[in-house]
Each structure stands twice: as C-alpha cells, then as structure tokens.
Visitor: 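There's a structure below that I have some questions on.
In what follows, every chain begins at residue 1, and chains take the letters A, B, ... in the order their sequences are listed.
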Protein chains: 2
Amino acid sequence: MRTSDHQSSVTMPEACTATPIGRAIRLLGDVWILLIVMNLLQGPRRFNALRTSLGNISSKTLSQRLKVLEELGFVQRNAFLEIPPRVEYHLTTQGQELGDVIAVIEQFGKKHLSGSETCPSISDDTTQSACSE
Amino acid sequence: MRTSDHQSSVTMPEACTATPIGRAIRLLGDVWILLIVMNLLQGPRRFNALRTSLGNISSKTLSQRLKVLEELGFVQRNAFLEIPPRVEYHLTTQGQELGDVIAVIEQFGKKHLSGSETCPSISDDTTQSACSE
DNA sequence: CAGGATCCGATCGGATACTG
DNA sequence: CAGTATCCGATCGGATCCTG
C-alpha cells in the first residue's frame, strides 16, 4: 500500500520545505517529538511528569517541542489556575493520529531492531561514548 | 490498531536506548534517514544521484547515513568495479519495510500538514530566517 | 565518480538562575 | 509547579581538499 506519488520534490531538509510531506518529515524526524508523542499517547501528562519520563530532558527542550506540537494543533495545553499551578498536555483528535505513525515505528523496531545487531548512533565525528556496555 | 504495550521504558533519547523501540526512534527520528529512505524507495540510486535529490547534502552526511543504514541491513551497497567507479544503493527486503513508515508519515503529512498553518521549524534560540515568505 | 579527512560555523540541548 | 532567559559546551552538517 505505497502512496506512490511522491517523487517530485522530496528534497530540502532545511527550510519549511513548503510541501506537506517535507513538513511531516521535519516534524517527525525529531527524536524528542516522537518520544513526547509516544508518552502522550498513554494519556494526559503534566509538564514535569513528561520531563521525568523523557529522562530528565531539559525544560527548555521540552517546552520548545510542546509549543511546536501545540501550534500545529496536535497537542492541547490545559492550565489549571491553582496553587501550585498545574498544567496538563494531551493529544488532540488530530494528534491522536500520530499514534499510527508511532505504532508503525514501534512495529518496525520490534521486528528489525531487536537483535544485538550493530548499533550506530547516527552521530559521526569521533566523539561518542560506549555503545555496548 | 494501537500496539498498546508500550509503556515500560520509553525514555532516553541519547545512548543506544537498548530497547528496539528506542533504536527505531533514534533511527527514524532523523530527517536525513527519512529522506534517503524515501528516495531509495523509488529504486536504486547512485551516490551523487542521492546527493542531488537531497538538495546537495554534503557527501559527509550522506555517506554517514548510508553507512548506518547499511550496517543495520536496510540498505545494500553495490560497487561496480569500473572506471569511473559506480556505486548503487538500494533497499534490502528489510529496508523495503521502511516504506510502511514513510507511507504513514506521508499520509499524516498530507492529511494534517497541508494547510498554511503555522510552520514552526523545531529549532529554538532566536536564530532562524523567515518562515513565511 | 565515490567517499574519507579536516576545518569550522551554525545549531542543539543541558545546566543554572529567575519569575508567576 | 511550570515555564522563560541565558550561558555555553557538545554535536551536526556544510565546504573544501584529497585519494582510489
């Protein structure tokens, strides 16, 4: 079931890409976005809860991604006016559909990345700590 | 059709994550990987052909990703011993399955990222040229 | 043509401090 | 608690040069 009509302008990693496909890639080609969405798929989450789940991601990074997801309408921010303040984030109906993407990625991972195969870490240069351990 | 069994250890963007899900996210949470795979889905491609398709990506970046994809067994490298040298890359049977992921991403993009909605570019700080135009 | 090696600017993302 | 602002080191990725 290939979409098979995507050959025109795939290019351009930088810039808004203008094309929806490109935008999708720019959005989903980000580890943080994927991880955040994956967490939100399990239900509403508070800011610090997310932060913890994501392995103490810096608040800067987290709020940055949440803002993006919110602006795109995939995440809804709910602030309860109380002391101490409480803010919950949850996927909108649109956002829920990101579940399909995550699901496919998960399936793929379990199917093809379970073995103790090599584990390249995307990064290059020569700086990178142990991968095995 | 949710996998619905992914709550244990989502965390950790850095490090090999050890878990297949994490590895999948680390691999697919990369714009270049996605773009390269997308191109290869259309058939075998030569190094410079890919380079051109990807908007003149630097050879460093391209070969780095291709190496990763090759090590993981998703891409097959075929070098023809001739002058000038010719090298073709194509997805392996395993790699073909990345098509599902790309397909879902494409679908998602067309469905939810077509409008002239805001176009956050993931990046933060204050440095970023025009997005509108 | 295919790619490895380097240099280096641009960006990312964590740590810290501060506010409502 | 939920962020924002800032400083700054770590990494990324492009440009360039070089080899087979």
Visitor: Measure from the side chain of A:K67, starting at C-beta and using heavy atoms only, and say which of C:dG14, C:dC1, D:dT4 lies closest.
Guide: D:dT4
Visitor: Both A:P85 and A:N56 contact DNA chain C. Taking the nearest nucleotide for each, which residue is further toward the 5' end?
Guide: A:N56
Visitor: Do you know which two heavy atoms are closest between A:V87 and A:R77, and how far apart they sit?
Guide: CG1-CG, 3.7 Å
Visitor: Could you tell me whether the side chains of A:Q94 and B:H112 share a donor-acceptor contact shorter than 3.5 Å?
Guide: yes
Visitor: Whole angstroms only, please: what is the CG-P distance between A:L69 and D:dG3?
Guide: 13 Å
Visitor: Which part of the nucleic acid, if any, lies within reach of A:Y89 when heavy atoms closer than 4.0 Å are counted: base, sugar-phosphate only, or nothing?
Guide: sugar-phosphate
Visitor: Are any of B:T61's side-chain N or O atoms less than 4.0 Å away from OP1 or OP2 of D:dG14?
Guide: yes
Visitor: Any idea which of D:dG14, D:dG3, C:dA2 is nearest the B:S58 side chain?
Guide: D:dG14
Visitor: Just how far, in rounded Å, is C1' of C:dA2 from CD of B:Q64?
Guide: 16 Å
Visitor: Rounded to whole Å, how long is the line connecting atom CZ of A:R26 with atom C1' of C:dT11?
Guide: 11 Å
Visitor: Of the listed nucleotides (C:dG14, D:dC1, D:dA15), which one gets closest to any side-chain atom of B:K60?
Guide: D:dA15
Visitor: Take the protein atom CH2 of B:W32 and the nucleotide atom C1' of C:dC12, then report the distance between them rounded to whole Å.
Guide: 16 Å
Visitor: Taking the side chain from B:R46 and the backbone from B:Y89, do they hold a donor-acceptor pair closer than 3.5 Å?
Guide: no
Visitor: From the set C:dA15, C:dG4, D:dG13, return the single nucleotide nearest to any side-chain atom of B:R65.
Guide: D:dG13
Visitor: Which of these passes side-chain contact (heavy atoms from CB on, under 4.5 Å) with A:I25: B:L35, B:I102, B:L113, B:D30?
Guide: B:L35
Visitor: Nearest-Å distance, CD1 (B:I36) to C1' (D:dG13)?
Guide: 13 Å
Visitor: Report yes if a side-chain nitrogen or oxygen of A:R46 is closer than 4.0 Å to either non-bridging phosphate oxygen (OP1 or OP2) of D:dA2; otherwise report no.
Guide: yes
Visitor: Could you note down all residue pairs passing salt bridge (charged side-chain N to carboxylate O under 4.0 Å, His left out) where residues 81-94 of chain B supplies at least one of them, sequence neighbours left out?
Guide: B:E82-B:R86, B:R86-B:E88
Visitor: Write down the distance between CG (A:L81) and P (D:dG3), rounded to a whole number of angstrom.
Guide: 12 Å
Visitor: When the nearest nucleotide of DNA chain D is assigned to A:P84 and to A:S59 on a heavy-atom basis, which residue is associated with the more 5' position?
Guide: A:P84
Visitor: Taking CD1 from B:I57 and C1' from D:dA15, how many angstroms apart are they, rounded to a whole number?
Guide: 14 Å
Visitor: Take atom CD of A:E82 and atom C1' of C:dG20, then tell me their distance rounded to the nearest Å.
Guide: 15 Å
Visitor: For C:dG4, does either OP1 or OP2 sit under 4.0 Å from a side-chain N or O belonging to B:S63?
Guide: yes
